Amino acid sequence: MPFARARGAVRAVAVTLVSGLAAAGILAAAAPAVADTATQGQGGATATIGGLKVYGGAVLHEEGGDQEIPAGLFEMSVDGGGMLQTYCVDVYTPTQKDAKYHETPWSGTSLAANKQAGRIGWILQHSYPQVNDLAWLAKSAGIKSGLTEQDAAAGTQVAIWRYSDGADVDAVDPQARQLADYLEKAARGAAEPAASLTVDSPAVSGKPGELLGPVTVRTDAGTVSVTPPPDAAISGVKVVDADGAPVTSAGDGSRLYFQVPAAAPAGSAQVTLQASTTVPVGRAFVSEGRSQTQILAGSSESTVSATAVASWGAVGAVPALSAARDCLKGGLDITATNKGDQPYTFTLLAAEYTIGAGETRTVTVPLQEDQPYDFALTTPQGNTPRFTGILDCKTQSRTTSNLTTQTFSDPTPATVLPATPTNLADTGTDSTTPLIAGTAIGLVLIGGTALVLTARKNQGTGE
């Protein structure tokens, strides 16, 4: 994979950002008995790309000459069960074999700043495979000789590329070319589809004895299963509704709360939501590494999931931390809500940010395009929310990309990027090597940048 994660039970109190030639790390031991929690994702389907399954040929017209490439439908296998069909929305970026993808809002992709994104959504709704009556589709496009599945997939992909990349591209087959021209001209704006499963508040906080939340469920699934924290029998933490009744299933609009015993020591807990549904056509999928952004064209019944984390403490700052990619701002939005009785303070790029008691604030961490990031923070409650990924907000162009477009003779995605270590734990150090709490043990920069983010403990937290 092009983005190598930390191995073993590493706990970090630093944020590491690396470019392709940079590695940086400031590591420390974590609080005992509290697992890392990642609250970046908005939920939905997670899948592994398998390759092009139904495709034809296309020609990219460029100043240096024409290039023939495959164009058509990719297939993904969903974690937990299900299959997805997708088209790509970044013609010059290759896919990587077996890359892992996550369902993502358009705001976290190149579609965020694309004024034509709604037309792509329209094409997906009005062409193959959503329209699988190829005779009807051919008639609509004025194609007298009919369409094959390969023609339909290639023509649809070409029309999408014209809007996603502004590419000068044509289908090789005349019928596919005619379909692409029809779809491009007929396309109208369409709204971004809702997530298959997400929660409005992926991180909440408060004091023990209170109901922490709400966590509001958003889904198109009929029923969502609710799995309580793994140690609920020991900790006494329950997932309940507003009246305090235990919850084991939910639906769209359900409001969930964490019920924490009044005598509970400072800590955190996570609830997992899962459902089976068809993922809405037009949902975007981004990879953990530098692999083509995909957009959904079709879905079988698939497993989707989401998580929410609650943190609590009787005194001091009690922050809830979540993050989401923001491609309009070119970075990662870190949202901190402090339900404690003291301020929560952290330092970011030599600037100090304070979240007052009862306050919510969002800080945007600026990132370079294609830059991997690995954020791990400690809180006064001892949990370590961690955010990892790569910022992929722009489509490539032939003049700016050093990546090679797939050739027609090799339609299967090819891995083209080497693994990039993200911190010192990935540079050959044994994963079981002890880490010294609170002590920086290294900072290496080779043609890249590093960002350090630390949480400052506050008085009265018992730390």
Side-chain angles (χ1 to χ4, degrees), residues 49-61 68-76 82-91 95 106 111 114 116-194 196 220 277-285 292-302 406 408 411:
I49 198 163
L52 280 169
K53 296 300 180 182
V54 183
Y55 63 93
V59 176
L60 276 170
H61 304 294
E68 193 168 325
I69 59 174
L73 277 170
F74 288 86
E75 190 172 273
M76 294 188 187
M83 299 297 297
L84 307 177
Q85 292 176 302
T86 62
Y87 291 105
C88 87
V89 290
D90 192 352
V91 65
T95 54
W106 288 3
L111 298 174
N114 188 337
Q116 307 296 338
R119 295 180 184 268
I120 297 172
W122 186 96
I123 291 171
L124 293 165
Q125 292 285 356
H126 292 82
S127 191
Y128 182 76
Q130 286 302 299
V131 177
N132 57 17
D133 185 340
L134 298 184
W136 185 91
L137 185 59
K139 182 179 179 180
S140 299
I143 302 171
K144 296 181 180 180
S145 56
L147 281 170
T148 66
E149 289 184 337
Q150 290 75 19
D151 291 337
T156 305
Q157 177 65 91
V158 165
I160 289 171
W161 278 334
R162 291 174 181 175
Y163 283 121
S164 65
D165 296 71
D168 185 2
V169 59
D170 286 310
V172 171
D173 185 270
Q175 287 75 30
R177 185 162 58 249
Q178 191 170 345
L179 176 62
D181 292 343
Y182 158 73
L183 292 172
E184 181 186 13
K185 292 176 182 178
R188 301 291 184 267
E192 177 182 1
S196 59
D220 64 351
T277 187
T278 55
V279 182
V281 170
R283 290 296 291 171
F285 281 78
Q292 283 178 337
T293 298
Q294 304 283 315
I295 192 163
L296 190 71
S299 168
S300 71
E301 193 81 3
S302 298
Q406 294 170 281
F408 182 68

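Excluded from the calculations below are hydrogen atoms, water molecules and symmetry mates; all remaining heavy atoms, backbone and side chain alike, are included. Throughout, residue positions are numbered sequentially from 1 according to the sequence presented. Keep in mind it's a predicted model, so treat the numbers as computed, not measured.
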Locate the shortest heavy-atom distance separating [X] from [Y]; write the atom from each residue and the value.
X: N132; Y: Y128; value: CA-CD1, 4.5 Å
X: A194; Y: P280; value: O-CG, 3.3 Å
X: Q130; Y: Q125; value: CB-O, 3.8 Å
X: L147; Y: L134; value: O-CD1, 3.6 Å
X: T277; Y: S299; value: O-OG, 4.5 Å
X: A153; Y: Y87; value: O-CE2, 3.4 Å

Gap between atom [atom2] of [Y] and atom [atom1] of [X] - 0.5 Å precision:
X: S164; Y: R119; atom1: OG; atom2: CZ; answer: 14.0 Å
X: D220; Y: T278; atom1: CG; atom2: OG1; answer: 6.0 Å
X: Q116; Y: E184; atom1: CD; atom2: CD; answer: 9.5 Å
X: M76; Y: Q85; atom1: CE; atom2: CD; answer: 11.5 Å
X: E149; Y: K53; atom1: CD; atom2: NZ; answer: 14.0 Å

- Donor-acceptor pair, side chain of W106 and main chain of G282, under 3.5 angstrom: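 It does hold such a pair.
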
- So, does Q157 use its side chain to make a donor-acceptor pair with the main chain of C88 at under 3.5 Å?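 Present.
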
- So which of L137, I123, V131, L73 actually passes side-chain contact (heavy atoms from CB on, under 4.5 Å) with T156?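 Among L137, I123, V131, L73, the one that satisfies the side-chain contact (heavy atoms from CB on, under 4.5 Å) with T156 is I123.
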
- Hey, is R162 close enough to D170 for a salt bridge, meaning N to O under 4.0 Å?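 Between D170 and R162 there is a salt bridge, with a charged N closer than 4.0 Å to a carboxylate O.
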
